[in-house]
Each structure stands twice: as structure tokens, then as C-alpha cells.
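Throughout, protein chains are lettered first and strands after them, A, B, ... in sequence-line order, and every chain is numbered starting at 1.
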There are 2 protein chains.
Amino acid sequence: MNFSSKLLEDAVDAFASLPGIGRKTALRLALHLVNQETEQTETFTEALVKMRKHIQHCQICHNLSDESTCVICADRRRDRSVICVVEGIRDVMAIEDTQQFRGLYHVLGGIISPIEGVGPNDLEIDSLIHRVQQDEVRELIMAISPSIEGDTTIFFITKKLKELQVDVQVSTIARGVSFGGELEYADELTLGRSIVSRVPYSKE
Amino acid sequence: MNFSSKLLEDAVDAFASLPGIGRKTALRLALHLVNQETEQTETFTEALVKMRKHIQHCQICHNLSDESTCVICADRRRDRSVICVVEGIRDVMAIEDTQQFRGLYHVLGGIISPIEGVGPNDLEIDSLIHRVQQDEVRELIMAISPSIEGDTTIFFITKKLKELQVDVQVSTIARGVSFGGELEYADELTLGRSIVSRVPYSKE
């Protein structure tokens, strides 16, 4: 790309440094800002800088938060005896959007992956064990991806709980053919496992 | 989307205000910034604010520029007798990338479009006429989209030049089947016109 303006080129480089933004898209975004009032660019950038400077990880569940304790952990109406363990904050948002879960969360910050150099100490596993030991936690729901890494992570956590003789029920979220999903379009693994893990028919 | 952080929500709203960025992409971008150092967000936003505050339109050709005269207009080695008339600055960049044109440009800032409320006075047409009258311009190359609006714009400019009895050659860029393009995939209009506007075969 031939730029007649170094300022524009720098702005395009800035946008293109974001993941999934190519240089053509970056140019479109930069020209959009040029066509708007200066205040709009200032409002835009201030929101980002403010977020980056002041956002914290909740000291209890490690979810992103404005305060040292996030709104979910601070909500006294939620069931504190059930903790849903997830990889990242996007999972928290997805589960919250369902409005089906009223317990608390624990964000691991990833899953154990030797290939990517992520070991148990890089994740919030110790703090999870500590939480379960300290608080009266009845159940841990593992909402973690069903990959080798995910399974390893679940195995590691349950093994550690057993070693420390922590009495807590561990469950995983149900996997199977999605509601409304046509059988012929389900992938083989999901369909196969959904037959193996069939559930008794209930009339409710 | 359920946000546990207002700061994050504001950042996502900011990204989603850009054209072509949905809320899922906006969330991905905002979380990317959270996972980087604070300085990275500052460098990113500073490039945008600096660009927006200091970028100018070249006083001669209305291309975006760091100075009051853009690098193309300031380049004394370029042929000042040929002006390529384009809709926007992206067209300038596309033509510059070809390295086939060594004249100057004139950015209209759009084309005449009654439906979108763009009249001749909203565009840099008067300044173009003025340039042609003032400087020794031999040829105007109209590199404008071949739509009704584009044709109207070209017609308006040539009519005005004739009224003012300005002696300048007006040409348009060649349209036809692209080099390497298969005939069967060319659209009907392009293929039809390319037959009507056939050129004599040269052995060069």
C-alpha cells in the first residue's frame, strides 16, 4: 500500500496489529475515523485506555471486574455452594446469557497444554482448590472443552482434590446432539457419544 | 451479552461502533487489549488520536496529507500536465500501487448522487475546474466508477469545462475483461462493452 500520509499509515498499522484485522480492513477503519469528528476518535480511544488501565481480575473467581470483587461473586442471592469452572471469561458470559446458572464461577485462565507451555501453575488451580477447602462448596461443574487438554485439566483438578481429601461433587456439563439439531448433521463423535451416554426417557 | 465489567462493556461498545465490527469481534478485540501490556493500548490509541488531530486534506488535490501539500503534489518529478480525477483517497492508493501513473491527482470526495443528497457543490469540482484553468493541464483522466452517478459526475465536469471554454483533453480509464480473466466468468455488461469497444490488434 502506498500512503500519502505517514499519520494515516501509522493508524492503519495500529488497527492491523489487532488480531483478525487485515490491512484493507484497517484502512477502512482509519478512514472512518477521519470522516468523523475528532471527538468521536477521542471517545473511542478513551474507552479503551480507561478499560485497560482500570480493569481487574476478581480476587475470588478471576473473572474480569471493575472492582476487586466482581458483581457475580458480590451478589449474595447467588448459590455459593456450586462453582462452575471455566477456561475464560467468554465462557462466563456465554453461561450467564443462558440464565440457567445461579451459582458462582471460577475462571482458570486457560487449560493445561504442554504444547503451548501452559502448566498447572500458570492457571488458577491452586486458588480453586483453596476456595473449595475454605468455603462450603458442594459441587464443581466443569464447563471445559472436551479436548485432550480439557480432560487433562479436569483430571488434574480431581486428582488434587482427592489427594487433599476434599469432599466435593465434581460434574461436567452434558454433551450431545444439540436441541433442534438434525442427527444427520451431527458430527460422528458427538452422535456416537450421545448414544453411549443415553439418558432414561422421562415423561416430565 | 452479559458483562461482569462496565469498563469492558464500554470498550466493546467502542469497537462495535466501527463499521463492519460486530459485538463478538469487538469483544475479541477488547480482550486482546486486556491480555497485552497497558503500553500497547496506549500506543494503539495514540496513533489514532494523533492521526485524527493532525491529518489534513492537501490544499491542491484534497488527498489526505501530513502537510498542507501532499507528497504527490509536492513531488517536482511528476508530470503536472496530467490530472487523474478519482472519487476517494483509496482510489489514489490503488493507482499509486500500480506504479503506472506519474501525473497528479484530484480527489472529488465522492460522486454526484441525488439519492444520497450529494450535489456538485458537495464535491471538489470547482477547485478542479480552477486547477485546470490556472495550471497548464493537458489531460484529465476520469478514473470514476462506471455507474449512473459516475457518468453524471463526468458529464457535469465536461459540460462545465466546455461552458468555460477550457481547452483540456478528457479521457476515462479503459474498461474491459481483466487480464488473465476467463471470458466465461466475465459479467455480461463488461464482456458486451469490451466487444463494442474493441481495439485494433497491434504486434508490439
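The greatest number of non-hydrogen atom pairs below 4.5 Å with chain B, out of A:Gln40, A:Met51, A:His54, is found for A:Met51. Chosen from A:Thr41, A:Asp66, A:Thr43, A:Val49, the residue pairing most often with chain B at heavy-atom distances under 4.5 Å is A:Asp66.
By the side-chain contact (heavy atoms from CB on, under 4.5 Å) test, A:Pro146 is found to be paired with A:Arg175, residues two or more places apart in sequence or in another chain being considered. With sequence neighbours excluded, the residues satisfying side-chain contact (heavy atoms from CB on, under 4.5 Å) with B:Phe155 are B:Lys159.
For CZ of A:Arg193, the number of neighbouring non-hydrogen atoms (other residues, nucleotides, ligands) closer than 6.0 Å is 12 at most. No more than 12 heavy atoms of other residues, nucleotides or ligands shown are found within 6.0 angstrom of CD1 on B:Ile115. With a 6.0 Å radius and a threshold of 12 heavy atoms from other residues, nucleotides or ligands, B:Ile148 has its CD1 atom at or below the threshold. Annotation for A:Gln133: atom CD counts as buried by contact number, over 12 foreign heavy atoms lying within 6.0 Å. Within 6.0 Å of CD on A:Gln165 lie no more than 12 heavy atoms contributed by other residues, nucleotides or ligands.
Proximity to chain A at a heavy-atom threshold of 4.5 Å picks out B:Ser4, B:Ser5, B:Lys6, B:Leu7, B:Leu8, B:Asp10, B:Ala11, B:Ala14, B:Phe15, B:Ser17, B:Leu18, B:Pro19, B:Gly20, B:Ile21, B:Leu27, B:Arg28, B:Leu29, B:Ala30, B:Leu31, B:His32, B:Leu33, B:Val34, B:Gln36, B:Glu37, B:Thr38 from residues 4-39 of chain B, in numerical order. Annotation: residues 69-102 of chain B contacts chain A through B:Val71, B:Ile89, B:Arg90, B:Met93, B:Glu96, B:Asp97 [non-hydrogen atoms, separation under 4.5 Å].
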